[in-house]
Every structure is written in structure tokens, then in C-alpha cells.
Protein chains: 2
Amino acid sequence: MKISKKGEYGLRAMINLALAHELGHDCVSASDLATADNLPLKFLEQIFVALRQAGYVDTIRGKSGGYKLGKSANSITMGELVRLLDGPLAPIPCASKTAYEPCSCPDEDHCGLRMLMIDVRNAISNILDRYTLAQVVEVTLRKIRRNKAEHFFLRKEAPAPVRGPNHDPADPTQGFLAEWAASDDNA
Amino acid sequence: MKISKKGEYGLRAMINLALAHELGHDCVSASDLATADNLPLKFLEQIFVALRQAGYVDTIRGKSGGYKLGKSANSITMGELVRLLDGPLAPIPCASKTAYEPCSCPDEDHCGLRMLMIDVRNAISNILDRYTLAQVVEVTLRKIRRNKAEHFFLRKEAPAPVRGPNHDPADPTQGFLAEWAASDDNA
DNA sequence: TTAATTCTTGACTATATTACTCAACTATTC
DNA sequence: GAATAGTTGAGTAATATAGTCAAGAATTAA
Ligand code: FES
Ligand code: FES
């Protein structure tokens, strides 16, 4: 169920680009984005080719050029970006809504795996297609500010995060939905 | 978010093996399983090596030999099988509960992508770790019987399925959860 | 006992994808 | 017109995918 590096890097870059926009940096160079997020520069540029061709970013050439959002962050869903960079959401093509393809099963209508994977696809879609880039940025920024964390596009000094001994990497309370639900505005 | 062919084939084979068991075929040869489900035989055998080493199947050699379940189907969750055959459920390793690994993000605690992917992982886990092989087989078998469909391990004649023009390949009502919920026993 | 069936093991291969890097070019600004 | 920055396309090394092949070992039936 992994996402490719292309997808991961592209999503991280888009989130940071939108976050920088929110903080007043309308246009960010690829190298700034790469250093801000520890991304390989040349690979990132290649990823931006796909993002530009799909209209998600605009390009500004020449000195102090860079990339800027091609459409507003609240009109871009995370699902669109994942599909563009990483392909269909569904774990198997016969369970994909937007990119259905038959598989080698003799009877698709009575395939237990397909039934299960339809639900997995829809669970993934319920998250990724529901939330926009703007919402992800909003939540991220809120958490950064609350914890007074530092960020490349928000110069400030703050102590490095310390991780406790019982660190649960997939703790749902650390997830996006919990953070989103905790907001007054979206209750 | 794709699953590998190894994962797909392995899951299909395990479902069919458990389904065959349910229908009285305790032991099924690899070649029967392969022809029943259109799977490449030699590749399938290789997948069964992993399944056997993990104890999910037992092996019976010699004439009329084959594979049988190594533990009861209701003690095997789909999540276990996916993890064994395809690796962690989480789309990115920093969001994995069972196979956490840091990624190159400068600040994991304030990474919007990670927050989102934690929720995706948990959504996937909520399905795959909740349901067992036995439940998938039960639901599949129910659907097969209701539609009087034919199946390799259930010789019978039935008309081939006809698909309408407005076929939604990811229709949730065609999914596992809908079918599961429709049961009287599990209400 | 021998033949037939079936799994086991390991090696092997071909293709595709991933994750990049490099070099030459073009556009923009100071 | 030099410096900066994006654009394009080629190239590539490593890994994963999706298999195939052949020799061997266990079991059973004739
Ligand atoms: S896996 Fe696609 S129909 Fe069975
Ligand atoms: S993607 Fe892993 S912490 Fe940002």
C-alpha cells in the first residue's frame, strides 16, 4: 500500500508551497523548497514538471523566480494530487473508481478480495478526496503555531521536539482528522 | 497505493483455499488453485513458500497432496496477510504503526502529510485488521449462493454475469462492508 | 518397487519502476 | 550582459516485480 517517493516528495512540496504562500511567500524557488524539506533538487524539479502540466503550479523564470500555486489551495483536494503523482487510490485496479481495469479473476462479482478492496479504496477516498490542500495547510500551521515550532518559512527560535519513550507512530490523536476536529471553526 | 501482484495473488489464493476448505476440500493442490483463479502456477508456489514459513498454510506432499490452512480462518486477519505479502499498511513509513521508520522530513511532528497519512493508515487498518479470512469467505460464499453463481469448488451451472451500462466499479454497495452488514447474524 | 503426482529449492531472467543525476538550453532580472 | 532560475531530455544505477526453469524429495497407488 506504499505511495511512491515521487508522490511523497510532490505532496510534501505542494504542502510547503501552499504553506509558504499562506505566510506571504507567493513564489518559492525549487532550491528553497528542496532545502526546506530535505528533498533532492533535481528529482523535485522533475516532479514539478508534472504538477505544472496539470496546472497545479505556475512557473516564474529568471532571477527570484520559482513556483507558485496555479490554483487556490482550497480548490485542490489531496486525492487529486495523489492520483496525479502516484496513480489510482485503489489497491487493486478492479476496485478503482477513476481508473478501473479488470483483473484476472474469473468472476469479479463474487471476488472476496475485490469486495474488501472496494471498501479500502472508499475509506482512503473518504479522507483524501474530502480534504483540500488548504485544510492540510491550515491544520499544519495551527499545530506549528500552537507548539511554537520553527519552520523554514517562519523564522523563529524554538526548542527541538523531544519524543517520549512510548511513541506510537500511528497514534490517531496525532493524525490529521483529530487535529481538524479539534478546531472551533470546523466543529 | 497499489498492492503488489504477490499480495494480490497470495490473498486471492488464501481466500480460495479457505473457501475450498469451507466446501469440504481440505487440501487443494497449487495447480488446482492456479487454474481455479487464473494465477501463474510457478509464481504462486513461490508465494506459498512465504505463507508456509509464516505458518499460514501446511503442506501435504505426494499424490493428491497440496496446501491446507495452517491455522483456522477465523484466527487470520486480512491485515496480517497483507503485511506478510505486501509490507506495511501505511502509505509512508513514518505513518506506520508496525513498521515505523523516519522519513527525511525536518520536523515529523509538524508534517501535514504525515498527519494525513496516519489517518489513511488507520482507515485501512480499521478494515483489514478488523476482518478475518473466515469473514471474507463467509461473505463471498453468501453472495455466490444468493446469486447462484458458479465456482470452481462448487460445481453447478449458472448464467454468466451481465454487467449493466452504468457500472460503478467502486460502488460501496458492492463492497465487503455492505455485504457484511446485510447479514442477519452480524447486525 | 516403480511410476506418477505433488511440493521444494534455488537459480535464473526479463522487464519495469524508482529515484535519481547531468548537461545543454531558455527566460528573466538587475 | 552576467547572474539567477526554470526546462528539457537523456541517461543510469539500483531495486522490485513478475515471473520461469530444472533438479530433487516426499508420498501414494498400482
Ligand atoms: S481481485 Fe479483481 S476481481 Fe478478484
Ligand atoms: S512525510 Fe514523514 S514526517 Fe513528513
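Convention: sequence-line order gives letters A, B, ...; per-chain numbering from 1.
Atom CG in B:L85 sits about 13 Å away from atom P in D:dA18, given to the nearest Å. Separating the CD atom of B:Q53 from the C1' atom of C:dT8 is a distance of 11 Å, rounded to the nearest angstrom. Rounded to an integer number of Å, the gap from B:I47 CD1 to D:dT17 C1' is 11 Å. When rounded to the nearest whole Å, the span between CG of A:L33 and C1' of D:dA5 equals 14 Å.
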Side chain to side chain contact (heavy atoms under 4.5 Å, CB included) between B:I15 and B:L133, intermediate numbers included: CA-CA 7 Å; B:I15 290 171; B:L133 185 56; 3.9 Å; yes

message: I'd like to know whether B:K2 forms a side chain to side chain contact (heavy atoms under 4.5 Å, CB included) with A:I92, so could you lay out the CA-CA distance, the side-chain angles of the two residues, the decisive distance to 0.1 Å, and finally the verdict.
response: CA-CA 6 Å; B:K2 282 214 182 319; A:I92 45 177; over 6 Å; no

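With contacts defined as side-chain heavy-atom distances shorter than 4.5 Å, the pair A:S96/A:E101 does not qualify.
A:D129 and A:R83 are joined by a salt bridge, as a carboxylate oxygen and a charged side-chain nitrogen come within less than 4.0 angstrom of each other.
Few gaps surround NZ on B:K143; more than 12 heavy atoms of other groups in view lie less than 6.0 Å from it.
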query: How does protein reach along nucleotides 17-30 of chain C, written 5' to 3' as B (base within reach of a heavy atom under 4.0 Å), S (only sugar-phosphate), or - (no contact)?
result: --BBB-B--BBBS-

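Residue A:Y67 is classed as a sugar-phosphate contact, given heavy-atom separations below 4.0 Å to backbone atoms only.
A side-chain hydrogen bond (donor to acceptor under 3.5 Å, both in side chains) check over residues 49-64 of chain A, counting only residues at least two apart or in different chains, returns the pairs A:Y56-A:E80.
Using a 4.0 Å cut-off, no side-chain N or O of B:R52 falls inside it from OP1 or OP2 of C:dC7.
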